[in-house]
Amino acid sequence: MRLSRYFLPVLKENPSEAQIVSHRLMLRAGMIRQQAAGIYSWLPLGYKVLKRIEQIVHEEQVRAGHIPLLMPTLQPADLWRESGRYDAYGAEMLRIKDRHERDMLYGPTNEEMITDIFRSHVGSYKDLPLTLYHIQWKFRDEVRPRFGVMRGREFLMKDGYNFDIDKPSALHAYNRHMVSYLRTYERMGLTAIPMRADSGPIGGDDTHEFLVLAQTGESEVFYDDRVTQLKLGDRQVDYDNWDEVAGVCKEFTTLYARTDETHDEAKFAEIPEEHRKVGRGIEVGQIFFFGTKYSEPMGAVVVNDKGERVPVQMGSHGIGVSRLLGAIIEASHDDKGIIWPEGVTPFHAGIVNLKQGDGAADAACDALYKALVGAGLDPLYDDRNERAGAKFATMDLIGLPWRITVGPRGLEKGVVELTSRRTGESEELAPEAAVARLVEIYAAHR
RNA sequence: CGGGGCGUGGCGCAGUCUGGUAGCGCGACGGUUUUGGGUACCGUAGGUCGUAGGUUCGAAUCCUAUCGCCCCGACCA
């Protein structure tokens, strides 16, 4: 994309409504525009990152054997009356009447609807196990939305639901989700720690939240800091191997890590002092096992291999897709702007032409741009007729992890400059070599 | 929902106390200049001062109502 043809309304000054860094930077980088409290338009740059994050979530869900579908945002109230949550949910649920005076609601989550789909089409243990998920907009009418997309009223969420014939199988589904979530967050450049959590209004016996450590987190967290060193890395986990999956979960959940809701001071005190940490975290996902909480009242029954009718065992699993943008920025920025991890960056690299209108510089940038596109990368070429400083400031603000600087001075020596946004380190190299380096870097993030 | 604050060009703000018909910086646009970290200068456009009602010769300014947004708390992905 050429910046002169793009829509990137960056702001030089901080909008007064934004208090925390991710909100400020998203507004300044022209990623979002607030339309009402907790409701945002996603401008091109923000939309691009949102889509990249969504894509990673999809890929990792499919890899774990989960099946995508799409349920509507508006739901009939009757389904929620069946589960008893229509009255239980409270004012956070946005209730609407259609023209026939029927009670509708903008879904805050989809347990009832997925259970309805399941019960009308699945009746036998032979169809299990089954995990269905979707990525859809939700609405929770928060009393006080804040922190930009981190605590919006409308938000994009991946929610998945597993259906299993018995508890051991359902617990494997729980574990499988945990591993797939760990992979998902790692690909986004995040360290998200699974922490035992309270079940909240969704209900259930077993639940973990995934928290990204950040000063601005909404939850206080207590942990052994060795958990932050745990990585899945290149490990290929066989999602059908119950023991292997359970083993990974054990590895990631054995060290103490809890939110204030489940904090146990005695156990915390057993951690060696140099590893005992208290901090704050942003919740970016949660997994629940809840057994027959919905299947029983809603009659989601399957016949098992003995011919008995039993309520199906369920769990639900969520990733806050839109809030992840905020969480990533909170975890990855400096005083100049955002620093996107390679896995989610809106553009792979920025090209800065230091002297727009200079024949050699223009030609070199054009060639570089074509070469990057030809190599399957997605560059942003700042071809505006601006001073170098303005171009650098824009690039730093929007946080592309790599920048190629092209100017007459370097071109005389046959080199361009490749700069890491994260470290600020630059190296001079031939344009073809810069392309090759970027190809290599991004090959590691596929 | 309790407490606090704010609504004035795209963004940040002054003007409100002490009514006299709207201003500054940034940005945008046009030009000159400049060109390796938000260049300098000149010029132009853009605002029924959140909305409605009231007081007044006259309201951004005073009064009433209302809407919206932000912050702290309680709540939450």
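Proteins get letters first, then strands, A, B, ... in listed order; numbering begins at 1 in each.
- Here A:R33 lies out of heavy-atom contact (under 4.0 Å) with every strand.
- Using a 4.0 Å heavy-atom criterion, one finds that A:G318 contacts no nucleic acid atom at all.
- Here the P atom of nucleotide B:A74 and the CD atom of A:E261 are 13 Å apart, to the nearest Å.
- For A:E92, taking side-chain heavy atoms from C-beta onward, the closest of the listed nucleotides B:C71, B:U35, B:C76 is B:C76.
- Of the charged side-chain nitrogens involved, at least one lies within less than 4.0 Å of a carboxylate oxygen, so that A:E428 and A:K413 count as a salt-bridged pair.
- Separating the C1' atom of B:U56 from that of B:U21 is a span of 14 Å, rounded to the nearest Å.
- In this structure, of B:A74, B:C11, B:C69, it is B:C11 that holds the atom nearest to the side chain of A:L11.
- The existence of a salt bridge linking A:E59 and A:R187 is confirmed by a sub-4.0 Å separation between a basic side-chain nitrogen and an acidic carboxylate oxygen.
- For the P atoms, the distance linking B:A22 with B:C69 amounts to 31 Å, nearest Å.
- A:Q35 has its CD atom 21 Å from the P atom of B:C67, to the nearest Å.
- Of the side-chain N and O atoms in A:R387, none sit less than 4.0 angstrom from OP1 or OP2 of B:A40.
- A:T405 comes within 4.0 angstrom of a nucleotide base, judged by non-hydrogen atoms across all strands.
- The aromatic rings of A:H58 and A:Y133 sit tilted relative to each other, their planes meeting at an angle between 30° and 60°.
- Here B:A74 presents its P atom at 11 Å from CZ of A:R151, a figure rounded to the nearest Å.
- Ion pairing of A:D334 with A:R421 is present here, as a side-chain N (NZ or NE/NH1/NH2) and a carboxylate O approach within less than 4.0 Å.
- For the C1' atoms, the distance linking B:G73 with B:G54 amounts to 37 Å, nearest Å.
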Taking only N/O atoms, report every protein-nucleotides 22-25 of chain B pair under 3.5 Å with atom names and distance.
residue, atom, partner, partner atom, Å
B:G25, N2, A:E13, OE2, 2.8

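- For the pair A:D362 CG and B:U35 C1', the computed distance is 13 Å after rounding to whole Å.
- Looking at heavy-atom distances under 4.0 Å, A:G357 makes no contact with the nucleic acid at all.
- On a pure distance criterion of 3.5 Å, a polar donor-acceptor pair joins the side chain of A:R403 and the base of B:G37.
- Here B:G12 sits opposite B:C24 as a Watson-Crick or G-U wobble pair (both hydrogen-bonding atom distances under 3.5 Å).
- Between A:R280 and A:E330 no salt bridge is recorded (no basic side-chain N to carboxylate O distance below 4.0 Å).
- Comparing the C1' positions of B:G38 and B:C26 gives a spacing of 11 Å, expressed to the nearest Å.
- No side-chain donor from either of A:S169 and A:Q313 sits under 3.5 Å from a side-chain acceptor of the other.
- Pair check for B:G47 finds none; no Watson-Crick or G-U wobble contact set falls under 3.5 Å.
- Annotation for A:W42 and A:Y47: closest pair O-CB, 4.0 Å, computed over non-hydrogen atoms.
- Between A:F210 and A:Y181, the ring planes lie tilted relative to each other; the angle falls in the 30° to 60° range.
- Checked against B:G37, B:A74, B:C69, the side chain of A:F392 finds its nearest nucleotide in B:G37.
- As rounded to the nearest Å, B:C17 and B:C62 have C1' atoms that lie 11 Å from one another.
- In this structure, CD of A:Q356 is placed 14 Å from C1' of B:G36, rounded to the nearest angstrom.
- Under the Watson-Crick or G-U wobble criterion, with both distances below 3.5 Å, B:C41 is paired with B:G31.
- In this model, a side-chain donor or acceptor of A:D396 finds a partner on the base of B:G37 within 3.5 Å.
- For B:C13, one of the phosphate oxygens OP1 or OP2 lies less than 4.0 angstrom from a side-chain nitrogen or oxygen of A:S16.
- Picking from B:G73, B:G38, B:C75 the nucleotide with the shortest atom distance to the side chain of A:R144 gives B:G73.
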Got a list of protein N/O to nucleotides 27-33 of chain B N/O distances below 3.5 Å?
residue, atom, partner, partner atom, Å
B:G27, OP1, A:K12, NZ, 3.1

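- The separation between A:R153 atom CZ and B:C69 atom P is 7 Å, rounded to whole Å.
- Along RNA chain B, the nucleotide nearest A:E154 and the nucleotide nearest A:T419 are compared for position; the residue whose nucleotide lies closer to the 5' end is A:T419.
- Counting any heavy atom pair closer than 4.0 Å across all strands shown, A:E209 reaches no nucleic acid atom.
- Rounded to whole Å, the C1' atom of B:C6 lies 29 Å from the corresponding atom of B:A45.
- At a threshold of 4.0 Å, the pair A:R196-A:D264 does not count as salt-bridged, since none of the basic side-chain nitrogens sits closer than that to a carboxylate oxygen.
- Judged by Watson-Crick or G-U wobble contacts below 3.5 Å, the nucleotide B:G2 has B:C72 as its partner.
- Between A:Q34 and the phosphate of B:G68, there is no side-chain N or O to OP1/OP2 separation shorter than 4.0 Å.
- Side-chain rings of A:F222 and A:F268 approach one another, their centers coming within less than 6.0 Å.
- Ring-centre distance between A:Y6 and A:F347: below the 6.0 Å cut-off.
- Comparing B:G47 with B:G36, their C1' atoms are spaced 40 Å from each other, to the whole Å.
- A straight line from CD of A:E220 to P of B:C75 spans 14 Å, rounded to a whole angstrom.
- Both A:V284 and A:P145 lie near RNA chain B, and the one whose nearest nucleotide falls closer to the 5' end is A:P145.
- Side-chain atoms of A:S219 do not come within 3.5 Å of backbone N or O of A:V221 as any donor-acceptor pair.
- For A:M113 against A:L74, the heavy-atom pair with the smallest separation is CE-O, 4.4 Å.
- Which of B:C69, B:C76, B:G12 sits closest to the side chain of A:P15 comes down to B:G12.
- When heavy atoms are screened at a 4.0 angstrom cut-off, A:A91 is found touching no nucleic acid atom at all.
- Between A:E142 atom CD and B:C72 atom P there is a gap of 14 Å when expressed in whole angstrom units.
- Comparing the C1' positions of B:G68 and B:U32 gives an interatomic distance of 44 Å, to the nearest angstrom.
- Among the heavy atoms of the strands, none lies under 4.0 Å from A:G320.
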